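Right, one structure below, let's go through it.
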Amino acid sequence: MFTIERHREIDSTNNRAKLLAAEGKRNICVVADRQTGGRGRMGRQFFSPEGSGLYFSLLISPTVKGEDSALLTTFAAVCVAETLAELTGVSAAIKWVNDVYMNGKKICGILTEGALNYENGTFDYAVIGVGINVGRTAFSTELSAIASDVETETGVKLNKDLLLERLLERFAHMESALAQGDFMEAYRKRCFVLGKDVTVTRGSEIFAAKALDVNAKGELLVEAAGERMTLSSGEVSVRV
Ligand code: BTN
């Protein structure tokens, strides 16, 4: 289903996938041992040292509407969480919308990008970029407060090739899973912000809310200042 393109070092696998998209390519998985310009959401960098991480981007041509783009990220988060839980025997949780956690620490981030066809509202292409801290990782003091890696959290040394193979097997079922929508129940079960008091960051707005549910489009339903609202983008952190 996916042709794999491997790189020892690259700026960002998402950037490379977008270049391939411009050449008309699809169904490619770009994977790198190291990224010199790994990108995260909200313009952040994604720490991507050699050896310990699995960094890859899937270039696809999804049939979902552009307005349902959160489905791509939520599906990817379920794939990563289920695969890691299966291979390590340790549960993996999801922080809406795109982060996978183990033992309260972020071990994976997902950055979904794409180009829309404005005539019919569908994707010309989408790139799902996944970064998993697999082996023991030398984080800065600042990062180690929030991030960790699978080996540290589970004691299991995963083979990155096997992990990628298992992930790609799950991603191969994306179209049917998105059409049926049944993966969203798995997402809700793993989404640890539900029922919690959270701080929402959306653009320049920051506000307190309670996270209530994730709807069938992968959007987060929250209550803030007595009003219910649906978030299709943004970021939440649990208030302690
Ligand atoms: C986030 O945590 O904000 C998302 C991080 C996404 C990182 C992955 S690593 C592979 C792909 N290439 C990138 O430059 N970013 C994504």
Side-chain angles (χ1 to χ4, degrees), residues 2 4-22 28-60 69-70 72-81 83-84 92-102 104-115 125-135 137 139-140 142-150 153 158 160-161 163-164 167-168 171 190-193 200-203 218 220 231-238:
F2 291 101
I4 299 182
E5 183 185 283
R6 289 185 181 275
H7 297 263
R8 170 123 201 281
E9 178 181 294
I10 201 163
D11 58 345
S12 153
T13 55
N14 268 34
N15 290 355
R16 172 68 187 153
K18 287 202 233 174
L19 285 174
L20 291 168
I28 297 186
C29 170
V30 181
V31 56
D33 289 340
R34 166 170 192 255
Q35 296 183 117
T36 53
R39 295 188 287 109
R41 292 180 73 221
M42 318 243 174
R44 287 189 290 248
Q45 293 179 344
F46 187 78
F47 181 53
S48 313
E50 181 156 14
S52 52
L54 175 61
Y55 318 111
F56 68 96
S57 299
L58 300 177
L59 169 58
I60 55 172
S69 61
L72 303 178
T73 309
T74 47
F75 177 76
V78 171
C79 282
V80 172
T83 305
L84 288 177
I94 298 170
K95 182 166 82 70
W96 186 86
V97 57
N98 68 321
D99 292 335
V100 180
Y101 277 60
M102 284 180 136
K105 291 275 179 91
K106 174 171 168 172
I107 48 89
C108 165
I110 299 165
L111 176 66
T112 304
E113 302 181 290
Y125 71 84
V127 171
I128 302 176
V130 180
I132 306 175
N133 308 320
V134 181
T137 309
F139 293 107
S140 63
E142 195 189 349
L143 270 182
S144 62
I146 50 167
S148 185
D149 57 72
V150 177
E153 297 309 319
L158 287 182
K160 288 194 285 176
D161 289 334
L163 176 58
L164 181 63
L167 285 166
L168 293 184
F171 276 109
R190 291 187 187 268
C191 184
F192 66 87
V193 302
V200 178
T201 306
R202 190 174 57 171
L220 186 68
L231 305 176
S232 55
S233 63
E235 194 167 69
V236 295
S237 58
V238 174

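What's counted below: heavy atoms across the whole structure, side chains too, no hydrogens, waters or symmetry copies. Every number for a ligand or one of its atoms is a count from 1 in the order of the listing. Start at 1 with the first residue, then count along the sequence. Note that the structure is predicted; figures quoted are calculated from it, not measured.
- None of Q45, K18, Q35 except one satisfies the side-chain contact (heavy atoms from CB on, under 4.5 Å) rule with S12; the exception is Q35.
- Of the protein's heavy atoms, Q35 NE2, 3.3 Å lies nearest to atom 9 (S) of ligand 1.
- The shortest contact between atom 3 (O) of ligand 1 and any protein heavy atom is with R41 N, 2.7 Å.
- Against a heavy-atom cut-off of under 4.0 Å, F56 is close to the following atoms of ligand 1: 10 (C).
- Heavy-atom neighbours of E9 CD from other residues, nucleotides or ligands within 6.0 Å: above the threshold of 12.
- Between the side chain of T137 and the backbone N or O of F139, no donor-acceptor pair lies under 3.5 Å.
- Look at M42 and you'll find every heavy atom at least 4.0 Å from all atoms of ligand 1.
- Remark: ligand 1 atoms within the under-4.0 Å shell around heavy atoms of V130 are 8 (C), 9 (S), 10 (C).
- Atoms of ligand 1 lying under 4.0 Å from at least one heavy atom of G40, given by number and element, are 1 (C), 3 (O), 4 (C), 5 (C).
- In this structure, the protein non-hydrogen atom closest to atom 10 (C) of ligand 1 is T13 OG1, 3.2 Å.
- Scanning both residues, A81 and R190, for their nearest heavy atoms gives CB-CD, 3.6 Å.
- For atom 5 (C) of ligand 1, the closest non-hydrogen atom of the protein is F46 CD1, 3.4 Å.
- Interface of G38 with ligand 1, defined as ligand atoms under 4.0 Å from a residue heavy atom, comprises 14 (O).
- Remark: side-chain polar atoms of Y55 are paired, donor with acceptor, to backbone N or O of P49 under 3.5 angstrom.
- Each of the following atoms of ligand 1 lies closer than 4.0 Å to a heavy atom of L111: 6 (C).
- Comparing R44, K95, K106, R39 by heavy-atom distance to atom 1 (C) of ligand 1, the nearest is K106.
- No side-chain donor-acceptor contact under 3.5 Å links R34 to the backbone of H7.
- Each of the atoms 11 (C) of ligand 1 lies under 4.0 Å from some heavy atom of S57.
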(message) Pair F192, Y101 - check ring-ring contact (aromatic ring centres under 6.0 Å, His included), show working.
(response) CA-CA 9 Å; F192 66 87; Y101 277 60; 5.1 Å; yes
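- Closest approach of R39 and N15 over heavy atoms only: NH2-OD1, 2.8 Å.
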